[in-house]
Amino acid sequence: MRNHVFQARGVASLRDDPGASARRILDACVSSTLTFWIDDLSIIHGERPADIPSMVESLIMGTYGVGTPIEDIEDDLRAVRSERARSWIAD
């Protein structure tokens, strides 16, 4: 029996400029709608919504497709940055 090993696709980094990351995210959506999450190393991963493992559900940033305004993605990136910064300061 084969074990399915999940391998996420790193698309960008939360540490990069939000505009540049948003463009990379949108470029990744050319062939299909993807759901993106950010891991503990600030790497942004994307996968088709049906293929998202349950272990990353709490890390999901959003689901985007070709028609998503880039400004919406940038806003989501900034919101995640702010949320993480608040948690780092509180720790």
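- Minimum interatomic distance between I25 and I73 (heavy atoms only, all atoms of both residues): CD1-CG2, 3.9 Å.
- Taken together through direct or relayed side-chain contacts under 4.5 Å among Ile, Leu, Val, Met, Phe, Trp and Tyr, V66 and V11 form parts of separate hydrophobic clusters.
- Atom-to-atom distance recorded for I38:CD1 and L59:CG is 8.5 Å, nearest 0.5 angstrom.
- Linking Ile, Leu, Val, Met, Phe, Trp and Tyr residues whenever their side-chain heavy atoms come within less than 4.5 Å leaves L26 and V30 in two separate clusters.
- Nearest approach of P18 to E74, heavy atoms of both residues: O-CG, 3.7 Å.
- Under the rule for a side-chain hydrogen bond (donor to acceptor under 3.5 Å, both in side chains), the partners of D39 that lie at least two apart in sequence or sit in another chain are H45.
- Rounding to the nearest 0.5 Å gives a distance of 8.0 Å between CD of E71 and CG of D75.
- The shortest non-hydrogen separation linking G46 to F36 is CA-CD2, 3.6 Å.
- With sequence neighbours excluded, the residues forming a side-chain hydrogen bond (donor to acceptor under 3.5 Å, both in side chains) with T63 are T35, listed by chain and number.
- Pairs passing the side-chain hydrogen bond (donor to acceptor under 3.5 Å, both in side chains) check and including a residue from residues 11-20, sequence neighbours excluded, read D16-R24.
- Distance OG/S21 to CE/M61: 8.5 Å, rounded to 0.5 Å.
- Here CD1 of I52 is found 5.5 Å from CD1 of I60. Values are rounded to the nearest 0.5 Å.
- The nearest pair of heavy atoms linking A22 to I70 is CB-CG1, 3.6 Å.
- Applying the side-chain contact (heavy atoms from CB on, under 4.5 Å) rule to D72 yields the partners T68, P69; only residues at least two apart in sequence or on another chain are considered.
- Atoms CZ and CG, on R48 and L34 in that order, are 9.0 Å from each other to the nearest 0.5 Å.
- Looking at residues two or more places apart in sequence or on another chain, you find no salt bridge (charged side-chain N to carboxylate O under 4.0 Å, His left out) involving R84.
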